[in-house]
Amino acid sequence: MNLIHQIFSMNMLLATLRMAIPLTLASIGGVICERSGIINLGVEGMMLSGAFGAVAGTYFTGSSLAGILFALLVGGLTGLLHAVLCIRFHTRQSVSGVGINILASGLTIVLCRAVWKRDGLSETVKQVPGISIPGLEKIPVIGRLFRGQSPYLYITVLIVIIAWFVMYRTNVGLRLRVIGDHPKAAEAAGVNVTKYRYVSVVLCGMLCGFAGSYLSIVQSNLFVKDMVAGRGYMALAATIFGGWNPAGSFLTALLFAFAQAIRINVSLNIPEQLLQMLPYVLTLLVLMGVGGRVRGPQASGDIKD
Amino acid sequence: MGSADMRSFLAFLGRSLAAVLLSFAVSALIMLVSGYNPALAFASMIRGSFGSANSFANTLSKSVPLIFAGLACAYANKGGIFNIGCEGQLYMGAFVSTVTALSLRGMPRLFVIIASILTGMAAGAAVGSFNGFLKAKMKLNEVVVAIMLNYICRFFTSFFVSGILKDPDSETPQTLPVGEHYMFSKLIPKTQLTTALFLALIAALAMFFFFRETRAGYNVRAVGENGAAAEASGINVARTMILTMAVSGGLAGLTGVTEVFGKSERFIDGFSPGYGFTGIAIAFLAGNHPLGILLSALLFGIIQAGSMKMSYEAGVSTSMISVIQGLVILFVATPELVSIRIGRRRTA
Amino acid sequence: MYAVEMKDIIKRFGSFTANNGITLLVKKGEIHCLLGENGAGKSTLMNILFGLYRQDSGEIRINGKSVENHSPLAASRMGLGMVHQHFMLVDALSVWENVVVGLEPGGFRIDRKESIRKVQELSDRYHFELNAEEQVGNLSVGMKQRVEILKTVYRGAEIIIMDEPTAVLSPPEVEQFLMILRDMRADGKTIIFITHKLKETLAVADRITVLRAGKSVSTIEAGNASARELAGMMVGHEVDLEIERPFNEAGGAVLSVEGLRLLPNAASTVSFDIREGEIFGIAGVEGNGQKQLEEMIMGLIKCREGRISVLGKDVTKLGTRKRRQLGIGYIPSDRLNRALLSSFSLEDNYLLGKQFSDNYVRHGIVRHKAVKEAAGTLMREYDVRAAGMDQAAGSLSGGNQQKLVVGREASDEPKLIIACQPVRGLDIGAIHYIHEILLKLRKEGKAILLISAELTDIQQLSDRIAVLYKGEILAARKNEDFTEEEIGLLIAGHREAV
């Protein structure tokens with residue numbers, strides 16, 4: 001009884017929402033990127049860069065806002081790197097992504113040491129404060145959703161809605177969907193496919209950077225090496241499982257986050273390592289469940305001409 | 001070797017060298033911007049890896065697991081599969097081989113060593129073939145699956161060595177030692193260079209022969225080049241893919257085995273400094289050629305062996321290795337950027 | 001005034017000159033056929049006109065206006081539209097979405113109502129009989145082509161380029177298509193019609209420009225042209241369009257197909273035998289079960305219903321390798337994807353499909369010397385032109401690739417040859433050569449299954465012909481017992497023609 005109580009509590013809901021934030025943001029980035037026909041396995045590295053950028057930005061300026069902007073910038077730049085390699089130089093997309101992850105993993109540690117003279121750890125910086133929404137916070141029970149929560153929560157929900165609306169209700173979204181399935185058709189129809197691709201991949205990088213900043217200056221107050229810990233890949237799985245649809249990404253992210261939240265919020269008598277393993281096992285099972293049956297953008301993959 | 005072969009070989013060699021040089025140049029730039037002295041850093045790296053006979057022997061010993069990791073990635077690449085799961089496979093290989101040796105304690109030395117090697121390979125092969133199975137039969141992206149398996153293997157082994165298999169006298173999560181008696185023989189005393197070097201050389205030669213002379217090797221290459229054509233020629237593509245990943249996983253498993261039986265004497269939680277990822281860079285740099293891998297593994301052995309001294313003398317984090325690796329992968333995978341572009345500009 | 005003037009167009013790809021000083025003048029409001037063999041440079045020229053490629057030199061004028069900095073966007077602004085050979089449609093989207101994308105009504109938001117209205121109106125105007133809200137994936141090939149045409153008309157195209165539009169259509173569909181062309185001409189549109197088929201050209205063209213080997217041979221009024229004359233201009237010399245198929249005594253059955261279900265919803269199953277020394281032709285538009293038939297016989301896809309036997313042995317459950325070992329040579333319809341390893345050497349490509357034969361592999365070890373010798377013999381016998389045995393197969397011309405494949409599959413004494421679309425994309429010379437080889441193999445007593453979308457192939461080579469439509473054989477007879485008209489109607493599914 002107690003267990004069920006723990007699982008279906010307000011705490012669990014809040015924890016799930018919080019953990020879904022970075023996954024959702026990065027996963028929507030993945031949706032946009034793959035809809036433009038480019039596979040992005042570098043999500044992990046882009047998030048890590050953003051996490052580092054947020055801490056560095058906050059550290060040097062003392063302003064959280066500057067930290068966030070810096071995370072967006074750094075994320076966008078890693079996105080641009082992926083875009084230039086894949087679009088301009090026709091690099092194999094999976095290889096470029098993996099290369100970016102390894103590079104980001106090493107470079108953040110090297111810079112960490114250069115700035116703070118410590119290996120794989122930054123100094124602590126100011127955290128992004130939570131906000132309360134006057135009025136709504138007074139509502140019984142669900143009022144907690146609007147009291148002291150991170151602004152990231154609301155921004156994320158907003159991004160889900162905007163991304164969905166743009167994808168399915170605007171002409172820009174229609175073009176993007178055509179590019180993903182048949183880039184030559186889009187080009188013949190006068191759409192500047194290359195431009196759409198660059199914008200999409202950079203946007204993906206920025207969303208990943210934003211997601212990374214959540215990990216380092218909202219959930220925490222410092223940078224720790226490899227702190228993204230596979231969330232980037234989980235976000236990619238959410239992209240696939242969510243059917244390349246922003247709303248699907250959000251729902252899948254909630255599912256993954258729920259599994260994580262159980263690990264932290266519910267006292268189960270299970271060894272730590274097995275619980276740490278859980279999200280990855282779950283992701284794998286989900287992939288095996290939907291696997292080859294889902295229909296992704298038809299033309300996503302390496303650009304040959 | 002025909003003249004066309006020779007030309008393409010030279011072109012490839014040029015690209016690889018250019019990629020390495022570019023990676024070092026960019027790394028130097030990064031160090032400069034971060035306030036380090038790149039000249040000092042590279043000099044201390046060289047001193048660290050070549051300073052004395054013993055340090056060179058250690059450089060060679062660092063190359064041994066890298067050779068296996070490189071061969072593992074290259075084998076999969078030849079078969080058209082991007083095996084980024086070496087990391088998980090080598091953890092399982094190291095773990096299972098350690099458990100084998102621990103449970104066979106007291107048995108004859110050769111028997112234990114061979115049994116440990118074989119079970120270690122089998123463990124890596126099992127993880128690899130599962131990955132291959134999901135790709136071949138369920139059409140899952142092998143990279144995403146491999147990443148998940150990497151974490152799962154890592155925490156799976158961690159669970160045991162923090163719990164029931166933990167050395168009770170130790171603070172850190174690690175197993176009991178397998179015993180000096182069961183280690184690979186040292187080639188030079190007081191270094192970590194062991195007979196595992198010969199194992200690595202044999203593996204590289206065997207792979208060279210395999211792809212050049214055997215039908216099985218031809219079939220793997222054919223599947224890697226074009227699965228549909230391979231299928232039409234009578235090859236069982238799914239089975240070949242799964243076996244390819246099994247062999248690749250087995251080679252990755254050997255990376256873990258040599259780490260335990262050549263160096264650490266036991267399974268230590270989280271021991272790998274990213275051998276699996278370095279393996280990707282090594283394989284790419286060598287163009288998946290087994291003999292080229294010997295050279296590129298040596299290069300990364302030098303970087304790794306020298307990184308401690310570089311960190312100590314120039315203050316640069318040892319993670320600079322990852323930076324160089326990442327850059328090598330990106331540059332090698334982008335021949336259009338690296339090769340000097342002769343001829344017309346694209347007009348289309 | 002000319003709608004399109006292209007003067008002295010030169011376009012090179014590496015060392016290959018695709019267009020070598022071509023001049024094309026198209027009058028306003030005419031149907032202008034661009035006639036030429038595969039590789040003559042037609043598609044390249046049109047891609048230049050549409051702005052997909054840029055010419056190395058030469059001048060383009062559209063409606064008298066000189067064109068600089070050309071791009072597809074600029075082309076459509078100048079009233080040019082192109083219907084590509086391979087459809088540029090997204091199956092998952094509806095007709096209207098496919099039509100409006102890139103030039104949507106309204107601003108940021110999709111104006112669904114207005115889009116559907118506009119698209120439906122245009123479709124009705126030209127009697128396309130399309131439903132704007134239908135998903136494109138559900139449409140037949142002929143209807144998809146109309147969506148393509150609609151796209152150009154929607155964009156206000158006055159000059160419409162059609163790249164081999166009839167290649168995918170059945171004979172009655174071609175008739176309807178030519179009607180649409182005439183309708184559009186009546187509406188004042190200018191049409192450039194790329195083709196290599198003489199009959200259609202003569203049926204619909206006002207004027208004809210013939211291309212050969214990257215050069216324009218001449219432009220003539222259609223009224224003054226004959227098929228023989230046009231064919232001569234395409235090839236460069238007088239051609240003998242006929243090929244002789246001498247009588248051959250057929251022997252015992254080699255391939256037997258019984259009750260095979262090709263498509264899940266086919267009205268009936270398929271059965272036939274092929275005997276030694278016989279060519280059995282499968283006629284029909286692609287997509288009617290040809291691919292399934294080919295792949296079921298080779299064991300590449302499972303057959304859920306029916307039985308296949310080779311030389312009396314039931315192979316229904318056997319894998320591809322075992323079937324090949326019984327002596328099947330296989331020329332796949334998808335040559336590049338199924339028959340060749342593009343970046344591998346010719347020697348390695350020769351081994352493909354033979355790696356399970358003791359002649360070339362002993363105890364798991366490849367006998368490089370034997371492979372090299374056999375491959376060398378093949379290249380001489382089949383006139384495969386390559387720089388050397390090390391050359392990558394992907395860098396050979398299409399004709400040489402096909403000769404390599406045909407030669408490889410015909411060597412080592414197969415009993416049965418499955419030849420699928422064996423002449424697709426080849427020029428007349430290569431087609432003729434492949435035809436001769438198939439007849440030679442027939443004479444040697446091999447049983448040959450010929451699947452081809454080109455009716456001329458089927459009629460010239462086959463001893464018996466079966467017409468495939470929606471996964472069933474509508475009729476199977478001796479070649480002589482069919483009239484061309486009957487086959488044409490059957491291909492289009494008119495069962496009553498039997």
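Just so it is clear: chains get the letters A, B, ... in the order the sequence lines come, proteins before strands, and each one is counted from 1.
Between Leu330(B) and Thr91(A), the closest side-chain pair of non-hydrogen atoms is not below 4.5 Å. When side chains are defined from C-beta on, Leu284(A) counts as touching Leu134(B), because their heavy atoms get closer than 4.5 Å.
In plain terms, the two heavy atoms of Val110(A) and Ser317(B) that are nearest each other are CA-CB, 3.9 Å. Phe89(A) approaches Thr334(B) most closely through the heavy-atom pair CB-CG2, 3.3 Å. Of all heavy-atom pairs spanning Ile152(B) and Met277(A), the tightest one is O-SD, 3.5 Å. Closest approach of Val323(B) and Leu107(A) over heavy atoms only: CG2-N, 3.4 Å.
Contact of Val145(B) with chain A is made through backbone and side chain together, with heavy-atom distances under 4.5 Å. Neither the backbone nor the side chain of Ser27(B) comes within contact range of chain A; no heavy atoms are under 4.5 Å apart. Only the side chain of Leu149(B) comes within less than 4.5 Å of a heavy atom of chain A; its backbone N, CA, C and O stay farther away. The parts of Leu327(B) that come within reach of chain A are both its backbone and its side chain, each placing non-hydrogen atoms under 4.5 angstrom from that chain. Contact of Phe156(B) with chain A is made through backbone and side chain together, with heavy-atom distances under 4.5 Å. Neither the backbone nor the side chain of Ile321(B) comes within contact range of chain A; no heavy atoms are under 4.5 Å apart.
Results of the side chain to side chain contact (heavy atoms under 4.5 Å, CB included) test with Phe159(B) over Glu272(A), Gln273(A), Gln276(A) single out Gln273(A) as the only residue that passes.
To the nearest 0.5 Å, atom CE of residue Met148(B) and atom OG1 of residue Thr283(A) are 5.0 Å apart.
A donor and an acceptor atom, one from each side chain of Arg113(A) and Ser34(B), are nowhere located under 3.5 Å apart.
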